[in-house]
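Quick caveat: nothing in here was measured; it's all calculated off a predicted structure.
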Amino acid sequence: MFALRRTTRLFLVLGAALALATGLSPQAQAASGFLTYRMRDGSDGSVVNPVNGNCYVFDDAATSATNQTDTTAHVYAGIFCTDFLTDVRPTESVVFGGTLGRSVIFG
């Protein structure tokens, strides 16, 4: 029992020291609104209130996108946000040419 208390106390002290050394991180910023995208089969998908900096993978390759968020969307041709394709600014719509969109990061 005594060893468990010492271990718990040690972790609490280490956690507090880490928080003081690195600072408490603020909550991640989120874009407000939604991005819709049209997939190859004609159906639509969306990303709602996305967290800036997170990669969102489309359900299927997208032929177009409309950004109704307050943040620029960075669209990528590769899955998991590789191979940058284009930016879609707030209130802007983009039709992709021969290369389709497969993922997006906001911010």
Using a 3.5 Å distance criterion without hydrogens, assess whether the side chain of Asp83 forms a donor-acceptor pair with backbone atoms of Ala77. no
Inspect the surroundings of CZ in Phe84 and state if more than 12 heavy atoms from other residues, nucleotides or ligands are less than 6.0 Å away. yes
Side-chain (Tyr56) to main-chain (Val51) donor-acceptor, under 3.5 angstrom: yes
Reported CG-to-OG distance for the pair Asp44 and Ser64, which is rounded to 0.5 angstrom: 7.5 Å
Is there a continuous path of hydrophobic side-chain contacts, each under 4.5 Å between heavy atoms, that joins Leu100 to Val94? no
Which heavy atom in Val104 sits nearest to a heavy atom in Ala73, and how many Å separate them? CG2-CB, 3.7 Å
Could you tell me whether a side-chain N or O of Ser46 sits under 3.5 Å from a main-chain N or O of Val48, the two making a donor and an acceptor? no
Return the minimal non-hydrogen interatomic distance between Phe106 and Asn67, and the atom names on each side. CE2-OD1, 4.2 Å
Scanning both residues in full, the closest heavy-atom pair of Ser103 with Thr82 reads OG-N, 4.4 Å
State the CZ-CZ distance between Phe58 and Arg102, to the nearest 0.5 angstrom. 10.5 Å
For Ser32, is there any backbone N or O sitting under 3.5 Å from a side-chain donor or acceptor partner on Asn49? no
Are the side chain of Thr63 and the backbone of Arg38 linked by a donor-acceptor contact shorter than 3.5 Å? yes
Of the non-hydrogen atoms in Tyr37 and Val47, which two are nearest, and what is the gap between them? CE2-CG2, 4.3 Å
Shortest non-hydrogen contact from Ala31 toward Thr71: CB-OG1, 3.5 Å
What are the two closest heavy atoms between Arg40 and Asp60, and how far apart are they? NH2-OD1, 2.8 Å
Under 4.5 Å between side-chain heavy atoms, counting indirect links through other Ile/Leu/Val/Met/Phe/Trp/Tyr residues: same cluster for Tyr76 and Met39 or not? no
Taking a hydrophobic cluster as the set of Ile, Leu, Val, Met, Phe, Trp and Tyr residues connected by side-chain heavy atoms closer than 4.5 Å, whether directly or through intermediates, do Leu85 and Leu35 fall within one such cluster? yes
